[in-house]
Amino acid sequence: DFITSLAFIPSTVYFKNSSVGVDSLKSVTVITQDSGFADFLSSALYLTDIDNGLRIVNSMDFELEVIWVTNDDEVIYTSGLKAGEDFILY
């Protein structure tokens with residue numbers, strides 16, 4: 001069985017001592033067997049750009065899939081998932 005964790009932060013997150021905000025994502029969903037790690041990683045991936053997030057996820061050596069949804073409604077997901085088979089967007 002797999003556990004999913006969704007990071008959905010409705011307000012903009014700003015980095016300390018910076019005017020740069022993290023507001024390009026609507027959500028990050030992590031699918032893995034460890035719910036605590038899924039929760040941690042979904043929050044961490046929400047705070048980084050998708051390219052770095054993919055590098056982080058691809059460097060891990062256990063079963064893990066991620067779905068990012070941008071504010072422009074673009075859906076980006078890891079290579080182990082197939083839209084329409086493994087998940088359905090509403």
Side-chain angles (χ1 to χ4, degrees):
D1 294 330
F2 285 89
I3 303 295
T4 64
S5 179
L6 172 67
F8 174 73
I9 304 171
S11 59
T12 302
V13 175
Y14 287 96
F15 293 106
K16 186 177 180 181
N17 299 326
S18 172
S19 62
V20 176
V22 179
D23 60 359
S24 61
L25 295 174
K26 283 187 179 178
S27 69
V28 178
T29 301
V30 174
I31 305 163
T32 189
Q33 293 182 333
D34 183 330
S35 62
F37 184 71
D39 184 46
F40 161 77
L41 188 60
S42 63
S43 297
L45 292 174
Y46 187 88
L47 297 172
T48 189
D49 62 77
I50 294 171
D51 289 335
N52 282 325
L54 282 168
R55 273 193 283 277
I56 291 167
V57 170
N58 290 333
S59 72
M60 297 183 174
D61 58 347
F62 52 88
E63 280 191 87
L64 171 71
E65 300 298 339
V66 180
I67 303 168
W68 289 265
V69 180
T70 69
N71 283 339
D72 297 328
D73 293 323
E74 180 181 6
V75 178
I76 298 151
Y77 47 91
T78 51
S79 61
L81 292 173
K82 292 182 176 70
E85 292 180 30
D86 296 319
F87 66 95
I88 298 171
L89 299 173
Y90 291 97

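Remember, it's a predicted structure, so these values are computed and weren't measured experimentally.
With hydrogens and angles ignored, the 3.5 Å screen pairs a side-chain donor or acceptor of E65 with a backbone N or O of G80. Side-chain atoms of T70 come within 3.5 Å of backbone atoms of E74 as a donor-acceptor pair (strictly under, hydrogens ignored). Remark: side-chain polar atoms of S42 are not paired, donor with acceptor, to backbone N or O of V28 under 3.5 angstrom. With hydrogens and angles ignored, the 3.5 Å screen pairs no side-chain donor or acceptor of Y77 with any backbone N or O of W68.
The minimum heavy-atom distance linking S59 with I56 is given by the pair OG-O, 2.7 Å. Across L64 and T78, no two heavy atoms sit closer than the pair O-OG1, 4.5 Å. Contact between F37 and M60 at its shortest, heavy atoms only, is CZ-CE, 3.8 Å.
Looking at K26 and D73, their side chains come closer than 4.5 Å, going by heavy atoms from C-beta outward.
Donor-acceptor pairing under 3.5 Å is lacking for the side chains of R55 and N58.
A distance of 11.5 Å separates OG1 of T29 from CG of L41, quoted to the nearest 0.5 Å.
Shown are L25, V30, I50; of these, the side-chain contact (heavy atoms from CB on, under 4.5 Å) with L45 is made only by V30.
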